Each structure stands twice: as structure tokens, then as C-alpha cells.
Amino acid sequence: MASLPPIDLPEGATGKGEFDSPQAEVPHDVRFDYLLRLGDDSLILGQRLSEWCGHAPSVEVDLSLANMALDLIGQATHFLGAAGEAEGRGRDGDALAFHRDVLDFRNCLLVEQPNGDFARTMARQFLFSTWQKMLFDHLTGSCDPLIAAVAAKAVKEVAYHQELSAEWVIRLGGGTEESRRRLVDALDWTWRFVPELFEMDEIATAAAGCGLGPDVGLFREDYDRRIRSVLAEAGVDVPSDQRPILGGRRGHHSEHLGHLIAVMQFLPRTYPDAKW
Amino acid sequence: MYTTELQKSNQVRAIEDPEKLAAFEARVAADEFIEPKDWMPEAYRRTLTRQISQHAHSEIVGMLPEGNWISRAPSLRRKAILLAKVQDEAGHGLYLYSAAETLGTSREEMIEALHSGKAKYSTIFNYPTLTWADIGAIGWLVDGAAIMNQVPLQRTSYGPYARAMVRVCKEESFHQRQGYEIMMAMCAGTADQKRMAQDALNRWWWPSLMMFGPPDADSPNTAQSMRWRIKRETNDELRQKFVDITVPQAEALGLKVPDPALEWNEARGHYDFGEVDWEEFYAVVRGEGPVAKERMAARREAWEEGAWVRDAAAAYAEKQAAKKAA
């Protein structure tokens with residue numbers, strides 16, 4: 001058998017351990033919780049989008065929604081797999097996806113909101129993907145090599161999600177009277193979940209402190225600017241501020257998540273010994 | 001997925017210019033491709049439009065039974081695979097509609113015909129998906145039968161259809177392996193999983209055999225379609241091929257094919273098998289399948305509830321075009 005090619009190590013690497021293990025100064029539970037947030041956001045939104053499959057307004061739209069769902073499920077697979085390893089209790093990505101109850105899910109409330117009509121799905125996507133794109137841009141510089149690597153790949157996918165949803169927002173706003181009305185309603189409905197995206201709680205602060213993830217406050221203005229500019233192009237007003245609804249990052253979700261995971265987890269929970 | 005030709009064409013021999021017709025038939029007999037702008041007999045155009053649009057409808061309706069399990073796929077890997085698979089079906093639908101449009105019928109007209117019940121789609125999708133094993137069985141059997149039907153169509157006489165089939169076949173063969181792999185995992189699994197796998201085979205076996213269409217003796221269009229290279233093997237030939245290939249696959253899984261008459265015939269070099277329940281087949285063709293009403297209701301609902309989105313996109317595009325022109 002031919003020998004394997006040599007591996008080029010980065011400067012300063014000894015080839016053993018240092019680049020594989022998480023940074024020593026990142027607290028164990030912070031890394032676990034942070035990875036759960038990233039993974040759960042993608043998983044739950046991917047699950048929601050996949051509900052459209054076969055029922056979208058046109059075949060083209062069906063394809064684009066399934067595409068985004070696939071990207072998100074792929075991201076979730078990486079992040080949750082890493083979370084399982086970080087936890088070190090023998091749980092893999094599937095165990096985390098299919099054997100946790102609501103209190104242990106760490107996704108933001110926005111992604112778990114039901115699809116509603118197409119306008120609501122697109123408003124949700126636009127508000128989330130715009131944020132996720134900015135987050136992943138920063139995460140490519142994470143001190144955690146795995147997070148940086150996944151973000152580097154996913155940021156291209158998310159850039160497309162952001163673009164696609166922005167285009168739909170503009171199209172719905174500038175389309176017919178009905179589409180404009182539905183878009184305005186959808187934005188108004190979804191708006192209260194935006195502040196949670198920028199919440200700097202203990203985990204987010206600790207993660208920012210050790211270089212795992214960014215201080216999301218850093219791109220709040222960019223975010224607001226981008227939302228304002230797309231909504232201006234769509235010809236609709238930015239919704240007036242509403243009292244923020246928070247709690248997702250601490251496991252306090254909306255009523256919808258319980259139903260979502262009841263469906264999603266049905267098989268692995270009913271047949272805990274089965275391999276699929 | 002695929003649908004065999006389900007509707008009886010009436011007058012095949014329309015009044016055509018005999019010289020043109022002879023030249024056309026000679027080209028087809030020489031295995032040349034007919035392209036959209038070429039002259040073709042009206043009956044050829046009609047038959048093909050019907051067949052390709054039925055095929056397209058089957059892909060789109062076929063998203064529903066499998067889509068039923070995306071939200072309940074039992075692992076992240078299975079979820080991604082199933083999503084990608086159903087997405088492939090949507091893609092097939094899209095380029096089949098495009099191939100059919102080259103014959104002069106718009107996608108809207110075809111969809112209208114589906115929703116009004118005038119156009120048919122494969123009978124197989126009028127059966128429900130009850131357990132996760134059904135997702136395995138559909139990939140293994142239904143996509144397996146589809147491949148059997150479609151591989152010869154890569155050499156069908158109409159160029160756009162033949163080319164679409166080349167790509168479709170590649171993806172379908174991937175789907176079939178994925179389906180079989182689900183079955184393998186279930187058959188190597190717990191007693192509950194094996195039960196689901198056997199039950200799925202029991203329910204999907206006969207409907208899969210029906211996918212090849214009525215027996216040759218009751219398929220009056222076959223001769224014409226074969227002369228025009230719209231069809232390259234008869235229903236019964238394809239059905240036999242499918243049984244011969246699939247029975248050993250079932251045995252490898254440790255599953256029993258639900259046909260007491262199934263037996264290897266040494267002299268023929270083929271499996272003998274029992275009679276398909278043709279009464280059920282024709283009932284399903286008429287739209288009386290177990291979940292036919294649900295499938296059509298879901299399609300109509302998606303179309304009607306999406307109307308405002310399509311209208312908005314069209315209105316927006318129009319406004320943009322007007323702005324550009326100004």
C-alpha cells in the first residue's frame with residue numbers, strides 16, 4: 001500500500017492535541033451551550049421549512065425552500081455532533097436532536113414560529129438569515145476551529161438564504177395589494193422575536209469573552225440598516241418596536257416547539273433501541 | 001417516479017399528409033431523435049404530451065407520500081437524504097413540464113388538467129405511507145419500477161424527453177439504493193422494525209406491479225407507441241423483468257414477497273407470479289385509490305393558496321419591466 005501523503009501542519013503546531021482540543025480557556029459548559037444554540041437554530045428552522053415540501057406556491061419555490069432546509073439540517077448535523085462531543089457524555093448529534101425535551105432546546109423563538117402563510121415564512125427567514133449571515137461572518141474567526149470551519153462553509157449557504165428571502169420580501173412588498181398587506185402583517189407578527197437575537201446573556205457574554213463567538217451587539221446597527229434598506233425597497237414601513245419576547249436560549253419556548261419536537265422525535269422516542 | 005400511459009388514445013391515425021407521415025416514421029424507425037420544431041403527426045404530439053405530462057404530474061404528486069415523513073425522519077442523516085430525494089422529484093417534475101411544453105402545451109394548462117381530474121398520474125401515489133418502512137419500500141420498489149420503465153425511455157424518439165430521462169434515471173437509481181438501504185437497516189434491526197419492513201412490502205408489492213400498466217392484451221396503444229419509439233418494451237415484459245430482479249433482493253433482506261403463486265420457473269428462466277388485481281388497478285386509475293382524494297386536495301390547496309404569491313411575483317416582474325422600459 002502506498003504511504004499516505006504528509007500532512008502540512010500550521011506553524012507552531014506539534015501535530016498532537018493542541019489544534020484538536022478546544023481552547024483551554026473556554027469553559028466546557030459554555031462551549032456545549034453555545035454549540036447547542038447554533039445547532040438548534042438551524043435544526044428547528046430546517047424542520048419548519050421542510051414542512052413546506054410538496055405544498056409550496058410553485059415547484060420553483062418548493063425547490064428553494066427545500067434547499068434552505070437541507071442547508072440548515074446540514075449545519076445542525078455539524079453543530080450538534082460537536083456539541084455532543086463537547087459534552088462528553090456519549091451523546092451524538094442524533095441523541096441531542098431526538099432525545100431532548102423542550103427545556104433543553106436552546107434555539108431562538110423566531111425559528112420555531114409556525115410557517116403561517118408564505119409571507120410569514122419569508123419574513124421569518126429574512127429576519128433570521130440576515131442575522132445568521134452576520135453571525136457566521138464573525139464566527140469564521142472563532143477561536144474554536146470547528147465552529148470557524150463550519151461557519152466558513154455555512155456562511156455561503158446563509159448568504160443565499162438572506163438574498164433569497166430579501167428578494168421575496170421586496171417582491172411581496174411591490175407585488176399586489178394583497179401580497180403587500182400579507183407582508184406587513186407578517187413582519188408585524190414576527191417583529192417581537194428580533195430582540196432575542198441580540199440578547200447578550202451569560203452564555204453569550206462568556207462566549208464573546210473567550211473568543212468563541214462575537215458580541216452580537218457589534219452588528220446590531222448593520223442589521224438594522226440592512227433590514228431598513230430592504231423594507232424601504234419593498235415599500236413597507238419598519239414595524240414599530242414591540243415588547244421583546246425572550247426565553248428561547250434558556251429553554252423557555254413558545255407553545256409551538258413542543259408540538260414540533262413531538263413530531264420530529266416520534267420514531268426515536270417510540271423505538272429507543274432501534275437503529276435507522 | 002414514472003407513470004405508464006394510462007389513457008386510451010382514440011383516433012391514432014388522424015388525417016395526415018401521407019408523405020410527411022412516411023418520412024417521419026422512417027426517421028423514427030432509424031432511431032433518429034424528433035426535435036420540437038420537426039414535423040410530427042398530431043397523434044404523436046398528443047400521445048407524448050399526455051405521457052410526459054402524466055410523468056411530470058407523477059413526480060409532483062409523488063412528493064406527497066414521501067413528504068409525509070420528512071418531519072418524522074428518524075435521524076438527521078435520514079432527514080437530509082429524504083429531503084434531498086423529494087427535492088429531486090420536484091426537479092424531475094420541473095424539467096418534465098419543460099419537456100412537455102416544447103410540444104405546445106403550457107405548464108398552467110397541464111396543471112389545470114391535473115387538478116380537474118382530466119390528466120392522470122401514477123396509480124402508486126394513491127396509497128398511503130403508514131410507517132417509516134414505507135419510505136424504504138417506495139425507494140426500493142417504486143423507484144425500482146420507475147427505473148425499469150425509464151431506462152428504455154432514454155432512447156425514446158422525442159429528443160427532449162429522452163434527454164430528460166438520462167438525468168432522471170441517474171437520480172432514480174440513487175434513490176433506489178437509498179430505499180434499499182433503509183430496508184436493510186430495518187431488516188437488521190429490532191422485531192418492531194422487521195415487522196414494519198414486512199408490512200411495507202406486503203402493501204407496496206402489488207401496487208408496484210401495477211405501475212407497469214395493464215396486461216399487454218388490454219393495452220391497445222402499445223403497438224403504436226412501440227412503433228413510434230415512445231415505448232420500447234411492453235408492460236408485461238417490464239413487469240416480468242421487475243419481478244425477476246426484485247424477488248432475490250427481497251430474499252436477501254429476509255422478507256417474504258406476498259404472492260403464494262410466486263415460483264421460479266426453470267424452463268422459462270423467469271419467476272412465475274400471481275395475477276394482479278386489475279379491478280383494483282382500474283379503480284385507482286379512475287381516482288378511487290385509498291388516498292386519491294387527499295392527494296388531489298393537497299395539490300389543489302397548495303396551488304390555490306399559492307395563487308396570491310404567484311400573482312405577486314408576476315405583478316412585481318411586470319412593474320419592473322415597465323420601469324425599465326420607461
Side-chain angles (χ1 to χ4, degrees), chain A residues 39 43 46-67 69-70 73-74 76-77 80-81 92-94 96-98 117-119 122 167-168 170-180 182-183 260 263-268 270-271 273-276, chain B residues 56 59-80 82-84 86-91 93-94 97 107 111 131-132 136 182 185-186 188-190 192-193 196 298-299 301-303 305-320:
Chain A
L43 173 64
Q47 175 79 3
R48 275 287 183 234
L49 285 173
S50 72
E51 293 169 10
W52 272 104
C53 193
H55 306 276
S58 73
V59 188
E60 288 85 347
V61 175
D62 220 306
L63 280 165
S64 63
L65 294 174
N67 234 338
L70 256 177
I73 300 296
T77 305
L80 292 181
D92 61 8
D94 281 335
L96 290 171
F98 296 100
D117 65 2
F118 184 72
M122 275 305 135
E167 281 171 10
W168 269 113
I170 292 164
R171 217 175 270 140
L172 295 181
T176 61
E177 203 39 59
E178 179 179 9
S179 67
R180 188 178 180 284
R182 285 181 187 255
L183 176 67
L260 180 147
V263 170
M264 182 175 77
Q265 297 178 339
F266 145 70
L267 274 174
T270 309
Y271 304 100
D273 302 326
K275 301 234 179 328
W276 306 94
Chain B
E59 300 283 359
I60 300 302
V61 179
M63 294 170 73
L64 297 171
E66 292 179 284
N68 182 36
W69 279 91
I70 293 174
S71 59
R72 291 176 291 170
S75 71
L76 294 171
R77 176 172 168 265
R78 292 290 183 204
K79 193 186 288 292
L82 183 57
L83 244 175
V86 180
Q87 197 189 23
D88 283 348
E89 315 290 4
L94 204 53
Y97 279 130
R107 201 205 302 186
I111 289 174
T131 74
W132 174 250
I182 290 179
M186 301 208 52
T190 65
D192 284 321
Q193 286 175 298
M196 287 183 226
R299 281 316 313 157
E301 193 184 319
W303 190 248
E305 290 198 355
W308 71 268
V309 179
R310 297 190 303 276
D311 290 347
Y316 180 76
E318 230 167 79
K319 284 181 202 172
Q320 290 306 102

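Throughout, a chain's letter reflects where its sequence line sits, starting with A, and its residues are numbered from 1. No experiment lies behind these values; they were computed from the predicted model shown.
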Return the option, out of A:Lys275, A:Glu177, A:Arg48, with the maximum number of heavy-atom pairs under 4.5 Å with chain B.
A:Lys275
Heavy-atom pairs under 4.5 Å with chain A: which of B:Met186, B:Arg107, B:Glu301 has the most?
B:Arg107
Tell me, side chain or backbone of A:Arg182 under 4.5 Å from chain B's heavy atoms, or both, or neither?
side chain
Contacting moiety of A:Ala119, where chain B heavy atoms sit under 4.5 Å:
both
Scored by heavy-atom pairs under 4.5 Å with chain B, the best of A:Glu60, A:Gln265, A:Glu178, A:Glu51 is A:Glu60
Contact leader toward chain B among A:Leu70, A:Leu260, A:Val61, where contacts are heavy-atom pairs under 4.5 Å
A:Leu70
Does any backbone or side-chain atom of A:Ala274 lie under 4.5 Å from a heavy atom of chain B? Answer side chain, backbone, both or neither.
both
Which heavy-atom pair separates A:Leu63 from B:Ala90 by the least distance, and what is that distance?
CD2-CB, 3.8 Å
Contact class of A:Trp168 relative to chain B, heavy atoms under 4.5 angstrom
side chain
Give, as side chain, backbone, both or neither, the part of B:Ile60 having an atom under 4.5 angstrom from any heavy atom of chain A.
side chain
Is A:Tyr271 in contact with chain B via its backbone, its side chain, both, or neither, using a 4.5 Å heavy-atom distance?
side chain
Heavy-atom distance under 4.5 Å to chain B: side chain of A:Leu43, backbone, both or neither?
side chain
Which one wins on heavy-atom pair count under 4.5 Å against chain A: B:Leu94, B:Ile111, B:Ile70?
B:Leu94
Counting heavy-atom pairs under 4.5 Å with chain A, the top scorer among B:Ala298, B:Ala84, B:Gly93 is B:Ala84
